[in-house]
Amino acid sequence: MTCGLSAAGGLAIGMVLPRSAKAWAGLPALPSSPENSAPPNEINAWLVIEPDSSVLVRMAHSELGQGTTTALAMLVAEELGCDWSKVKCEYASSNRNLRQNGVYKSQSTVGSRGLRSSVQFMQQAGASARARLVEAAARRWDVPAVACRWADGKVTHAASGRSLDYGALCQEATKITLAQEPEIKTPDQFKLVGKWTARLDTAPKLDGSAQFGIDAQVPGMVYAAVVSCPEWGGKLQSVDEAVIKDQRGVIAVVKLDDAVAVVADRYWRAKSALAKLKPVWAPGANAGVDSAQLDKAYRDALDGSMVVARKDGDATAALLAPGAKLVEAVYEVPYLAHAPMEPLNATVDLKANRLDVWISTQSPMDVLKLAASESGVAPENVYVHNGFVGGGFGRRTKHDELVHAIAVAKAVKKPVKLIWSREQDIRRDRYRPQAAVRFKAALNAKGQATALQGRIAVGSLLRSLGGPNAVPTGIEPMAVETIATHAYKIPSNDIGVQLKNAHVPVMFWRSVGASQNSFFIESFIDEMAHAAGQDPYLFRRAMLERPDYLAVLDTMAKKGNWGDPLAPGRGRGMAIVETYGTVTGQVAEVTVSPMGKVKVDRIVCVVDCYHAANPNTIAQQIEGGVVFGLTAALYGEITIKNGGPVQGNFDTYPMLRMAETPKIEVYLQPSGGKSWGGIGEPSVAPVAPAVCNAIFAATGKRVRKLPLKNLDLKSV
């Protein structure tokens, strides 16, 4: 993506040293009209420089714990040439973005695009501000701008020995219109970007000053707890309010279409009262559905009609060729919850012609539009106060909790903070889809793959979110990614997909389709290697041609000690995939006890994201993605009974514990080029296949269905 900023356009960003408690400036003072939305020292919509030369950078993307704000601030500082210790950040206003025709562009933080989609225009914002500051100094000194130099927050004129801080030039710079935008740096010119840099959000999160959505406080607000019908499609039939009519602090019971909420002066009082209610639910059409039925339905769908996702060569002929060795396998995965550590919540202050929303979100513009629609307030009078986000993973782009909060606020006529309990959060999630895949492959006499056939049955995310006609072609990229897009040199490929939705809502989940499809394809590549009698590393290497893939593969084999002997009951496995513009490979080492208990000892991860803004945040995200993916592989499972989910808290939907976390080694191997790869999601995808391939190496048993907790891996 290329984008330049006009003299009137803009971006605002700010930074400070992590050691300062003011590294994060907090939320912007949201304006009530476009006339007062720009402070006097705003050089462009992204960037404000104060008289003390401190730099405030406004962030269009949410800080989910991934460090994007630090990396984006580094890009601006790189071009601006400011003192990094004086940089701080705040969120850009979605209301201003609406009023000023998208001045902040996309404010969604999804698809590992927080950095990679913003690199050039964030650089341009810094370069534009710097050029205006230099021009302001040149005009004051009556010298050519080319005779001035800039660095460390100052403009200097060497010939006369004069210099001025950026703060002294800021107001003049705001009035300058450039004849053309300056060129931005190329990566080989970077001095700050690419270096390990401490995060700007660390200090406020350590000292407690960081404000998440759940921390919002509004004068006069009340609290609401809510529970939805256990079955999707069921409705609220009745509820006996008498059991809580005398309970201390209870203000109201609000009946919704398929849920009931209790409002009180404290959240615990609301939640305690809600637990005493015994709502009567009217069952819907799916009250008898359970996981066994769904499992069978997805397996049966593999024999049904398919939409072609990839077809090259003649796979059917290759599979039937005389002497061909056939390899076949069926893989399955269950629904998975997002389970962010901060459960969904929303605080709303609804007035006749204005609505303020405090929320943790990955998409403040979507919040603004949804809030306007649900409340009836004009969009230009809706103000979203985005907080730090305590985990999103894709869930915080569809805000069911906000719908509840606005409905309750309408009923009680007060500001409301509504919090979903952990059980509500997990049982009313929009899950990663259930899926089943059948592969067939042909190997020739030399053990080379001649054909790959895949049949995929998986829920459509877009149909679940937008209705049954949302994908008229019958194929969506997420359903087939890493399978139809694999990089292996196989002459014939025949990949088909059937988008099969049950009544269970599904949605984007960290690494999306790659999270399950990489388990499928990379496990099957290992099965092919075993059938060919070849080493899994060398088998892959012979089928890969791209230099970036080969470099990652070779490095992970080297760093992962591939080929070194291991004790009985131990094994190594590998996987390599490209997701979100990044090639990621992993080697897993596992130990399987005679009783079948799996212990993941070590994960070696090699990453080529082509350019690295901040190696610190990249390593953190790779480690976090490994833990996220490993949790799902070991334990992740939402089962359905009587039409609704069984699991409701971390006792039944467990997370990986610190004591179980393996040693994680991260090796960055950026190969350059024109693109920037994503980081937040790529390391999730290879975890499950690398671990499951290692289990096969240790036990000789193939894992074709997750999670691992359900499998019998005991020694014979």
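Everything quoted here is computed from the prediction, not taken from an experiment. All residue numbers in this chain count up from 1 along the given sequence.
Every residue was checked against the salt bridge (Lys or Arg N to Asp or Glu O under 4.0 Å) condition with K325, not counting sequence neighbours, and none meets it. When the side chain to side chain contact (heavy atoms under 4.5 Å, CB included) test is applied to N493, the partners found at least two apart in sequence or on another chain are R310, D312, L452, H486, I490. For H399, there are no ring-ring contact (aromatic ring centres under 6.0 Å, His included) partners at least two apart in sequence or on another chain. Applying the salt bridge (Lys or Arg N to Asp or Glu O under 4.0 Å) criterion to K599, with sequence neighbours excluded, gives D601. Looking at residues two or more places apart in sequence or on another chain, you find a salt bridge (Lys or Arg N to Asp or Glu O under 4.0 Å) between R455 and D494. Applying the ring-ring contact (aromatic ring centres under 6.0 Å, His included) criterion to F696, with sequence neighbours excluded, gives H530. With sequence neighbours excluded, no residue forms a ring-ring contact (aromatic ring centres under 6.0 Å, His included) with F539. Under the rule for a salt bridge (Lys or Arg N to Asp or Glu O under 4.0 Å), the partners of D554 that lie at least two apart in sequence or sit in another chain are R541.
Relative ring orientation between Y331 and F519 is described as perpendicular, the plane-to-plane angle rising above 60° on a 0-90° scale split at 30° and 60°. The aromatic rings of F628 and F393 sit tilted, their planes meeting at an angle between 30° and 60°.
Once rounded to the nearest 0.5 Å, the distance linking NZ of K597 with CG of L713 reads 11.5 Å. Once rounded to the nearest 0.5 Å, the distance linking OG of S421 with CZ of R428 reads 11.5 Å. The distance from the CE atom of M655 to the OG1 atom of T661 is 12.0 Å, given to the nearest 0.5 Å. Distance OG1/T485 to CG/N517: 8.5 Å, rounded to 0.5 Å. A distance of 11.5 Å separates CG of L370 from OG1 of T397, quoted to the nearest 0.5 Å. How far CD of Q498 is from CE of M306: 5.0 Å, rounded to the nearest 0.5 Å.
Counting heavy atoms from C-beta outward, R427 and V227 have side chains that stay 4.5 Å or more apart. No side-chain heavy atom of I359 sits less than 4.5 Å from a side-chain heavy atom of N345. Residues I640 and S291 meet the side-chain proximity criterion, which asks for heavy atoms closer than 4.5 Å. With a 4.5 Å cut-off on side-chain heavy atoms, L326 and K440 do not count as touching. Using a 4.5 Å heavy-atom cutoff, the side chains of P536 and I525 are not in contact. Within the 4.5 Å cutoff, side-chain heavy atoms of R546 are placed close to those of V583.
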Yes or no on side-chain hydrogen bond (donor to acceptor under 3.5 Å, both in side chains) for Q434 and D295, after CA distance, side-chain angles and deciding distance? CA-CA 8 Å; Q434 182 169 355; D295 291 350; 2.7 Å; yes

Passes side-chain hydrogen bond (donor to acceptor under 3.5 Å, both in side chains), E423 versus N649? Steps please. CA-CA 5 Å; E423 289 79 8; N649 210 318; 2.7 Å; yes

Full working for side-chain hydrogen bond (donor to acceptor under 3.5 Å, both in side chains) between W562 and D535: CA-CA 10 Å; W562 192 263; D535 178 272; 3.0 Å; yes

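Remark: side-chain polar atoms of T68 are not paired, donor with acceptor, to backbone N or O of L115 under 3.5 angstrom. In this structure a side-chain-to-backbone donor-acceptor pair under 3.5 Å is missing from Q586 to A575. The closest donor-acceptor contact from the side chain of Q669 to the backbone of A551 lies under 3.5 Å. No donor-acceptor pair closer than 3.5 Å links the side chain of S360 to the backbone N or O of V389. Put simply, the side chain of S106 gets close to the backbone of S108: a donor and an acceptor are under 3.5 Å apart. Although no hydrogens or angles enter the test, the distance criterion places a donor-acceptor pair under 3.5 Å between the side chain of D608 and the main chain of S671. Checked by atom type and distance alone, the side chain of Q448 never pairs as donor or acceptor with a backbone atom of K446 at under 3.5 Å. In this structure a side-chain-to-backbone donor-acceptor pair under 3.5 Å is missing from E374 to A407. The backbone N or O of Q621 sits nowhere less than 3.5 Å from a side-chain atom of Q66 that would complete a donor-acceptor pair. Put simply, the side chain of Y549 never gets that close to the backbone of I576: no donor and acceptor are under 3.5 Å apart.
Considering every non-hydrogen atom in both V307 and G474, the closest pair reads CG2-O, 3.7 Å. Closest non-hydrogen pair, G560 versus R572, comes out as O-NE, 3.2 Å. Between P491 and A449, the shortest heavy-atom distance links the atoms CD-O, 3.3 Å. Between L630 and P662, the closest heavy-atom pair is CD2-CD, 3.6 Å. Nearest heavy atom pair, residue P689 against residue S518, reads CG-O, 3.5 Å. In this structure, K235 and C229 approach most closely via the heavy-atom pair N-SG, 4.1 Å.
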Could you list the donor-acceptor pairs under 3.5 angstrom formed by side chains in residues 459-473, with sequence neighbours left out?
residue, atom, partner, partner atom, Å
S460, OG, L462, N, 3.4
S460, OG, R463, N, 3.0
S460, OG, E476, OE1, 2.9
R463, NE, P468, O, 3.4
R463, NH2, V471, O, 2.9
S464, OG, V506, N, 2.9
S464, OG, V506, O, 3.2
T473, OG1, I475, N, 3.4
T473, OG1, I475, O, 3.2

Could you give the side-chain donor-acceptor pairs of residues 675-686 under 3.5 Å, partners two or more places apart or in another chain?
residue, atom, partner, partner atom, Å
E681, OE1, S112, N, 2.8
E681, OE1, S112, OG, 2.9
E681, OE2, S511, N, 2.9
S683, OG, I622, O, 3.0

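Checked for salt-bridge contact, D425 and R395 miss the test: no charged N lies under 4.0 Å from a carboxylate O. Note on E522 versus R540: salt bridge recorded, some NZ/NE/NH1/NH2 to OD/OE distance being below 4.0 Å.
Legend: salt bridge (charged side-chain N to carboxylate O under 4.0 Å, His left out) pairs involving residues 497-510, not counting sequence neighbours: none detected. Pairs engaging residues 483-493 under the salt bridge (charged side-chain N to carboxylate O under 4.0 Å, His left out) rule: K489-E545 [sequence neighbours left out].
A salt bridge (charged side-chain N to carboxylate O under 4.0 Å, His left out) with E637 holds for exactly one of K709, R432, K705; it is K709. With respect to Y431, the ring-ring contact (aromatic ring centres under 6.0 Å, His included) criterion is satisfied by exactly one of Y653, F508, W232: W232.
Remark: aromatic rings of W509 and Y335 are distant, center separation not under 6.0 Å.
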